[in-house]
Amino acid sequence: MTLPPGQRAIASFPRFGLPRFANRFPGKPEVVRFELSNDGRVVGEVGPDRWGALPRTIQLSDLHCVTTWSSLGHRWEGVGFRDFCTAFALDQAGQDRLVVFRGSDGYHAALPLVDLLQPEVLLADRLDGVPLPVAHGAPLRLVAPAHYGYKNVKHIERIEFGVHPGRYRPAGPGFIMHPRARVALEERGVGFPGWLLRRAYRPLIAPTIKRCAEALEMYQAKNHSPATSEHMTRPGEGFP
């Protein structure tokens, strides 16, 4: 298959993210529970019962990291974002407004509602036939295949609708947080072309994987957790 511009396929699927969030994990990774808010006001909570009653979907899609690696052909299961909005009668007007996803690890990211209403966008709680592991976002994560991985927030604990773009501040430096981060257009960041950011990001892959893997091992030892996923790899293994 043809990969997006600047991407390289790898055989593994490592835990990956901004290093300052590497040591943060969800308190109850086995329970789907998150808040909903609209225009700054909490409008409800979705717990296991409400979540379990929603229509389910399965899709095969890839994850493309902004640092240039891609992990291909994963089987994600969960609830389509459009179906989720319909089930909870969430306003789908104002599609230029942002939806902000906040994870229990402290990370957050936002996408315009118009992007999230695409048919391949999913709130996933299972990966490749098993419950979503902590390494990849348990208990719930966003899967938006058309956007770089940093938009695919893990460990979701709150979803905020109706956020004005001018009021949102990204979780990392502004230049590395594109408002839409579309993979096909190589929107890796702001102010620099995608091809230039490729060169800056690639040296960061191995040390970031190492830090994330070490933090996960400590978490597992403390919580007596089993191995997280068949996709996990040793730091640097399987990378070009």
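Quick caveat: nothing in here was measured; it's all calculated off a predicted structure. Basis for what follows: all heavy atoms, side chains included, without hydrogens, waters or symmetry-related copies.
Residues satisfying the salt bridge (Lys or Arg N to Asp or Glu O under 4.0 Å) criterion with E120, sequence neighbours excluded, are absent altogether. By the ring-ring contact (aromatic ring centres under 6.0 Å, His included) test, F21 is found to be paired with Y107, residues two or more places apart in sequence or in another chain being considered. Under the rule for a side-chain hydrogen bond (donor to acceptor under 3.5 Å, both in side chains), S37 has no partner lying at least two apart in sequence or in another chain. For L122, the side chain to side chain contact (heavy atoms under 4.5 Å, CB included) criterion is met by T57, Q59, W76, A124, V143, not counting sequence neighbours. Scored by the side chain to side chain contact (heavy atoms under 4.5 Å, CB included) test, P119 finds R82 as partners (sequence neighbours excluded). Applying the side chain to side chain contact (heavy atoms under 4.5 Å, CB included) test to R126 and every residue at least two apart in sequence or in another chain returns R56, E77, P131. Considering only residues two or more places apart in sequence or on other chains, L63 meets the side chain to side chain contact (heavy atoms under 4.5 Å, CB included) condition with F13, W69, R141. Taking H147 as the reference, nothing meets the side-chain hydrogen bond (donor to acceptor under 3.5 Å, both in side chains) condition, with sequence neighbours excluded. With sequence neighbours excluded, the residues satisfying side-chain hydrogen bond (donor to acceptor under 3.5 Å, both in side chains) with E35 are R158.
Residues Y150 and I176 fail the side-chain proximity criterion, which asks for heavy atoms closer than 4.5 Å. No side-chain heavy atom of V121 sits less than 4.5 Å from a side-chain heavy atom of L111. Between R75 and L60 there is a side-chain heavy-atom pair separated by less than 4.5 Å. Between I209 and P14, some side-chain heavy-atom pair lies under the 4.5 Å cut-off.
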Next on the checklist: Walk me through whether F34 and L36 qualify under side-chain contact (heavy atoms from CB on, under 4.5 Å).
Outcome noted: CA-CA 7 Å; F34 58 96; L36 292 175; 3.9 Å; yes
Checklist entry - Could you walk me through whether L54 and F88 pass the side-chain contact (heavy atoms from CB on, under 4.5 Å) check? => result CA-CA 10 Å; L54 296 175; F88 286 93; 3.7 Å; yes
Next on the checklist: Is there a side-chain contact (heavy atoms from CB on, under 4.5 Å) between H136 and L127? Walk through the geometry before answering.
Outcome noted: CA-CA 9 Å; H136 296 304; L127 169 61; 3.8 Å; yes
Next on the checklist: Run F101 and L116 through side-chain contact (heavy atoms from CB on, under 4.5 Å) and show every step you take.
Outcome noted: CA-CA 11 Å; F101 298 84; L116 292 164; 3.7 Å; yes
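Side-chain contact annotation: S70 with Q7, donor-acceptor N/O pair under 3.5 Å present. Under 3.5 Å, the side chains of R202 and T68 contain a donor-acceptor pair of N or O atoms.
Listed for the K151 side chain is a donor-acceptor partner under 3.5 Å among the backbone atoms of P179.
Taking the ring centroids of H108 and Y168, they lie under the 6.0 Å cut-off.
Taking the six-membered ring where tryptophan is involved, the planes of F84 and F161 are essentially parallel, since the angle between them stays under 30° and well short of 60°.
Separation of atoms CD1 (I156) and CG (L140) is listed at 4.5 Å; rounding is to 0.5 Å. The distance from the CD atom of E214 to the CG atom of L216 is 11.0 Å, given to the nearest 0.5 Å. Here the straight-line distance linking atom CD of Q118 with atom CG of L113 works out to 10.0 Å at 0.5 Å rounding.
Listed by first then second residue, pairs satisfying salt bridge (Lys or Arg N to Asp or Glu O under 4.0 Å) with a partner in residues 177-194 read D115-R180, R182-E187, E186-R188, E186-R198, not counting sequence neighbours. The stretch residues 166-176 participates, sequence neighbours left out, in no salt bridge (Lys or Arg N to Asp or Glu O under 4.0 Å) pair at all.
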Using residues 41-50 as the side-chain source, report each donor-acceptor pair under 3.5 Å to any protein atom, sequence neighbours left out, with the distance given to one decimal.
{"residue": "E45", "atom": "OE1", "partner": "R33", "partner atom": "NH1", "Å": "3.2"}
{"residue": "R50", "atom": "NH1", "partner": "E45", "partner atom": "O", "Å": "2.7"}

